[in-house]
Every structure is written in C-alpha cells, then in structure tokens.
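Working notes, structure below.
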Amino acid sequence: PPLPPEGERQAEAVGERLALAEPITAIYVTTLRRTHQTAAPLAARLGLEPVVERELREVHLGEWEGGGLRTRAAAGDPIFLDVVASERWDRIPGAEPLADFDARLQVGLGRIVGAHPDETVVAVVHGGVIGQLLAHAVGRPGFAFAGADNASVSELVVHADGRQVLRRFNDTAHLHG
C-alpha cells in the first residue's frame, strides 16, 4: 500500500535531514512502492534518481506474506511466538531461510559498496532488512536490531577490506522537531 499521510510527513522530514548531511552520491530503494515514496523527497532535493537494488527487498514471509504476520502476531499465534523466541523469520512455513536472507542482503550491499567506494549513499529499505544487515555487521544473530522506526536513520560504514561498522541505529531526531 502507499504511504499514509503520516508516512509522507516522515519522508519529508528524513529527506530534509539527510539532504543537509554529508554529500550523498546515490539513493537506493527496493522493489516496493513505499521505499520509492520515502526516498522521493530526498531524491528531489538532491536531484538524484533512486536506483532499485532488488536484493535489499524485505524478508519473504512464506505463507504469511501480505499482512499475515500482523494478524498472527495480534492473535498470539504459537508460530509467531516461536519466531520471536527463536529470533528467526524462517520458523514461518515457507519463509525465506535465514542464511539465504543474510546472503542475499550481503550481495546487494556488496554491489552498492562496489559501485560507490568511499562515498555516502542512502538505502531506503525495510525493517527486517535493517535488522539483519546490522546484526550481520556486529556479529549478532537474531533480532537484536528489530523494530527500527519508520523513517529512522541507521548508519552502516563498510570499509574497503569488507569490515562493517555500525555507527548509528534508529535515529529519529528529525521526526520530533
């Protein structure tokens, strides 16, 4: 679905904040409309055309795609409780295996880093993607970084040797001003 009015306001706020930060050379989005809409204000400010990086799409939730996760969470479904306890999306029937999800994200991240050495880029992605990328960077399995707020800023620095450093997580200062 499209961004609601609150999401549009959040996209404007994060776009304004990031446009004032260090020079951004590229903006990446996923195949889902909301990432395009969230990136649009920043792209307009910077005069950049967002690039789709398919590998950064959200985790595939198998039988729970299309809103099933929220419904089952609200109902206290035992499988949902197991997902939370085990910190693994792949407990959901038909969901993307964790190793595959992590590997896919590293391919997408590697492609972006390879195209923009020593540059600052923005990737507008999804909560599960943020959580997995940051967990990978710090060597922590599971949901340590689950629950990033919409339009928050997390910062991952990838060095030439491949070392990944988490600099910032879930910064929402721009949403409260």
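- Residue Leu42 shares its hydrophobic cluster (ILVMFWY side chains chained together at separations under 4.5 Å) with Val14, Leu18, Ile24, Ile27, Val29, Leu46, Leu48, Val52, Val122, Val124, Val153.
- The side chain to side chain donor-acceptor pair (under 3.5 Å) with Tyr28 is formed by just one residue from the set His116, Glu53, Arg111; it is His116.
- Between the side chains of Asp149 and Thr172, no donor-acceptor pair is found at a separation under 3.5 Å.
- In this structure, Thr30 and His126 have side chains that are in contact, with non-hydrogen atoms separated by less than 4.5 Å.
- Under a 3.5 Å cut-off, the side chain of Glu58 and the backbone N or O of Gly128 do form a donor-acceptor pair.
- Taking Asp171 as the reference, Arg17, Arg168 meet the salt bridge (charged side-chain N to carboxylate O under 4.0 Å, His left out) condition, with sequence neighbours excluded.
- The ring pair (Phe, Tyr, Trp, His ring centres under 6.0 Å) check on Phe80 picks up nothing, with sequence neighbours excluded.
- Phe143 is linked by a ring pair (Phe, Tyr, Trp, His ring centres under 6.0 Å) to Trp89, counting only residues two or more places apart in sequence or in another chain.
- Residues Val165 and His159 form a side-chain contact, since some pair of their non-hydrogen atoms from C-beta on lies under 4.5 Å apart.
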Requested in this report: Go through the steps to decide whether His136 and Phe101 satisfy the test ring pair (Phe, Tyr, Trp, His ring centres under 6.0 Å), and finish with yes or no.
Outcome: CA-CA 11 Å; His136 180 100; Phe101 180 45; over 10 Å; no

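- Qualifying side-chain contact (heavy atoms from CB on, under 4.5 Å) partners for Val138, counting only residues two or more places apart in sequence or in other chains: Arg140, Phe145, Leu166.
- Scanning for salt bridge (charged side-chain N to carboxylate O under 4.0 Å, His left out) contacts around Asp100 gives an empty result, with sequence neighbours left out.
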